[in-house]
There are 2 protein chains.
Amino acid sequence: MADKLCAIGQAITLSPGVELPSGENEHRLVYIASGAAKLLVQESPGTPRAGPAATSSGPARHVMGFHFPGDIVSLQRRGEGGSSLVALSETDLLVFSADEFLDVAQDDPAVLRSVLIKSLESLQRTRTRMMRLGHQTARQRVAGFLISMAKRLCGCTHGECEFVLPMGRGDIGDSLGLTIETVSRQFTDLREEGLLSTSGRSLVALPDIDALKNEAGA
Amino acid sequence: MADKLCAIGQAITLSPGVELPSGENEHRLVYIASGAAKLLVQESPGTPRAGPAATSSGPARHVMGFHFPGDIVSLQRRGEGGSSLVALSETDLLVFSADEFLDVAQDDPAVLRSVLIKSLESLQRTRTRMMRLGHQTARQRVAGFLISMAKRLCGCTHGECEFVLPMGRGDIGDSLGLTIETVSRQFTDLREEGLLSTSGRSLVALPDIDALKNEAGA
DNA sequence: CGATCAATTGACTTAGCTCAAAGCATGTGG
DNA sequence: CCACATGCTTTGAGCTAAGTCAATTGATCG
C-alpha cells in the first residue's frame, strides 16, 4: 500500500521563499517531510509574479496557516479562493494528485477513512480557530500562536520551551489578522512581563507555557 | 445503498431554539432536511444548562456558521472545542453516528470518496472565510453575509432578491465577529444607501446583489 | 391592548491600524 | 575579520473603526 502511494507521489525540495509550482489546475495533496511552509490564499488573481525575486511582497498577502513535518495539506486551485504553499525554510515535500491518490487509496477503505477523519478533524480545528479570530484580542491571538508553535515545533505543552520561529513577524501578523506593528508590540509586552524572551529575530523562549495559556484564554 | 444509510440514520425534528441532544461523546454527521440551524462551539465546558429555558444567552456564545437544507454537518464533541447544533426554525434532521455511517459507506468507496471531497471543499471554504474574518471591515462582513444568505436561502447570485433571515442580529454578529449594535448600524447604512430594505425584523430585500458585491470585496 | 424582547440609535471609550522614524540582524564585499 | 548595506523589527504619535454602556423605539405574542 505505502509502496503504491509512494509511486505516485512526487518528491520536491523548496528553498526559503519559493512557492510550490502550481502545476495544472488540479486538486493536490501535499505531505510535508521536513522544513516549514505557509499556506496562502490568492486574493488577487492577476498577480503574474514572473520574476525570481518573489520577495513575498504584493498588495494583499493572506497567510492561512503554517505547516510542519507530518502535516498533510490539501491544495485546491479553484480560481479565486485557490491556495498555494510557500516554503519558509529548506523544505522537502511529497506531492500527490488528489485524484490519483484517491484512486489508489480506494482499494483500501481504511486509508480513505483515515484521511476523511483527518480532514474532518482539520475542519474542526479550522472552525475553532476561525471563531477565535473573530472574538479574541491581539494579546490572546499572539499568546495562542506562541503556545501552538511550542506544541508543533518542539512538542511542549507545559513548563518551559525554546524554539526557532521559521516565519517573520509579517507572516505571523497575517495569519492572526494583525499588523506587523501590533505583533511586535505584543511581543514586547510579553517580554516585559517575563512570559517570553527572544534572541536574534527568530529564536524565542517561553519560560512558562502554562502562564501563557492564561493569557490566551477567552 | 441509500436504504442502508437510511436504516442507520435517526430522524429528529427540532423546534426553534432547541439544541440537538448531545447523545454520547461520539462523532456524528447530521443531514439537514428542512429548516435552518446554527452551529455553535462550546467555550465554557462547565455550562450545565439544566433548565428547559435555554434562552440562548450565556457568557460567550460563539456561532460558527449557519446551515440549511441539503447541508451535511460534522458534529465533533471533543471536550473543549466541541460543537453543537441549535435549530433556528422548525427543523428536520437526519442524524448518523460517524462510525456507523463510515462502516456502511465503506462498502461503497465512491460514497466515501465523495464525502471526503465534500469535506475537503468545506475545509477550503472555512479557511477562506477564516482568512476574511481577520482582514475585513464590518461593512464587508455584513455585505458578504447578505450575499451568502441570498445564495443559500433563495439561490440568487445576481439582480434582486427577497428572503427571510431565520436568525437574529445577535447570531449574525456572533458569526461575523461583530456586536449586535455594529450589525444593526451596518444594516442602517446599507438601508440608507438603497442596497437593502427590511420589513419586520427578519424579512430582507436586496435590490442589487451585484452592487452589494462591490461592498463585500477586499 | 399591553408586556416583553429584539432592534435601533446615541455618546463615549479604546484597541488596533496607519504613517513615520529609528534600531538591530544578517549577509556581503573589501 | 570587519565595515557596510539591506531589510526586518521595534518604537512613537495620532486616528479611526468598532466595542461598551445606556436609553429609546419598534415588533411580536399572549
Side-chain angles (χ1 to χ4, degrees), chain A residues 15-17 38 53-61 63 88-89 132-143 145-146 164-192 196-204 215 218, chain B residues 15-17 38 53-61 63 88-89 132-143 145-146 164-192 196-204 215 218:
Chain A
S15 297
K38 57 182 173 184
T55 22
S56 91
S57 70
R61 291 179 304 170
V63 176
L88 294 166
S89 50
R132 293 207 164 133
L133 264 196
H135 296 270
Q136 284 189 312
T137 65
R139 185 187 180 86
Q140 292 172 329
R141 296 180 206 201
V142 170
F145 169 80
L146 290 170
V164 170
L165 281 180
M167 74 293 285
R169 302 287 187 271
D171 283 333
I172 296 173
D174 263 355
S175 79
L176 298 176
L178 299 171
T179 60
I180 293 181
E181 295 93 327
T182 298
V183 173
S184 180
R185 277 185 254 267
Q186 295 303 326
F187 269 58
T188 301
D189 291 349
L190 291 173
R191 215 180 282 126
E192 286 173 353
L196 165 73
S197 62
T198 59
S199 36
R201 309 205 237 264
S202 50
L203 182 64
V204 307
E215 303 302 323
Chain B
S15 297
K38 58 182 173 184
T55 22
S56 91
S57 69
R61 291 178 306 172
V63 176
L88 293 166
S89 51
R132 292 204 165 137
L133 265 196
H135 296 270
Q136 284 189 311
T137 66
R139 184 187 182 86
Q140 291 172 330
R141 295 180 207 201
V142 171
F145 169 81
L146 290 170
V164 169
L165 282 181
M167 73 295 284
R169 303 286 188 272
D171 283 333
I172 296 172
D174 263 355
S175 79
L176 299 175
L178 300 171
T179 60
I180 293 181
E181 295 93 325
T182 299
V183 172
S184 181
R185 277 185 254 267
Q186 296 303 325
F187 269 58
T188 301
D189 290 350
L190 291 173
R191 215 180 283 127
E192 286 172 354
L196 164 72
S197 61
T198 58
S199 34
R201 313 204 234 263
S202 51
L203 182 65
V204 308
E215 303 300 326

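All chains are named by letter (A, B, ...) in the order of the sequence lines, taking the proteins before the strands, and each is independently numbered beginning at 1. Just so it is clear, the values below take in all heavy atoms, side chains as well, and ignore hydrogens, waters and symmetry mates.
Of the candidate nucleotides dT11(D), dC17(C), dT20(D), dT20(D) has the atom lying nearest to any side-chain atom of E181(B).
Put simply, the side chain of R185(B) and the base of dG10(C) share a donor and an acceptor less than 3.5 Å apart. Residue-to-nucleotide contacts include no donor-acceptor pair under 3.5 Å from the side chain of R191(A) to the base of dT11(D).
Residue contacts for R201(A): at a heavy-atom cut-off of 4.0 Å it reaches a base atom on one of the strands shown. Contact annotation for G177(A): backbone-only contact, meaning every heavy-atom pair under 4.0 Å involves sugar-phosphate atoms and none involves a base. Within 4.0 Å (heavy atoms only), S184(A) reaches at least one base atom of the nucleic acid.
Between the CZ atom of F187(A) and the P atom of dT9(D) there is a distance of 9 Å, given to the nearest Å. A straight line from CZ of R141(A) to C1' of dC17(C) spans 13 Å, rounded to a whole angstrom. In this entry the distance linking CD1 of I180(B) with P of dA23(D) reads 17 Å, nearest Å. R139(B) has its CZ atom 16 Å from the C1' atom of dT16(D), to the nearest Å. In this structure, the CG atom of L203(B) is 16 Å from the C1' atom of dG26(D), given to the nearest Å. Separating the CD atom of Q136(B) from the C1' atom of dA17(D) is a distance of 15 Å, rounded to the nearest angstrom. Atom C1' of nucleotide dG26(D) and atom CZ of R169(B) are separated by 12 Å, given to the nearest angstrom. In this structure, L88(B) atom CG and dA6(C) atom C1' are separated by 15 Å, rounded to whole Å.
Where T188(B) and G200(A) each meet DNA chain C at their nearest nucleotide, the meeting point lying more 5' is that of T188(B).
One finds the CG atom of L165(A) at 10.5 Å from the CG atom of L88(A) (value rounded to the nearest 0.5 Å).
Listed pair T179(B) / dA18(D) fails the phosphate criterion, with no side-chain N or O lying under 4.0 Å from OP1 or OP2. Within the structure, every side-chain polar atom (N or O) of T182(B) is placed at least 4.0 Å from both OP1 and OP2 of dA17(D).
Counting all heavy atoms, side chain and backbone alike, M167(B) lies closest to D171(B) at CB-CB, 4.0 Å.
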Item checked: Stepwise side-chain contact (heavy atoms from CB on, under 4.5 Å) check, L190(A) with L146(A) -> CA-CA 11 Å; L190(A) 291 173; L146(A) 290 170; 3.9 Å; yes

Notebook entry, point to check: How far apart are the C-alpha atoms of D174(A) and H135(B), what are their side-chain angles, what is the distance that settles it, and do they pass the side-chain contact (heavy atoms from CB on, under 4.5 Å) test?
Noted result: CA-CA 8 Å; D174(A) 263 355; H135(B) 296 270; 3.7 Å; yes

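Judged by distance alone, the side chain of R139(B) and the main-chain N or O of E215(B) form no donor-acceptor pair under 3.5 Å.
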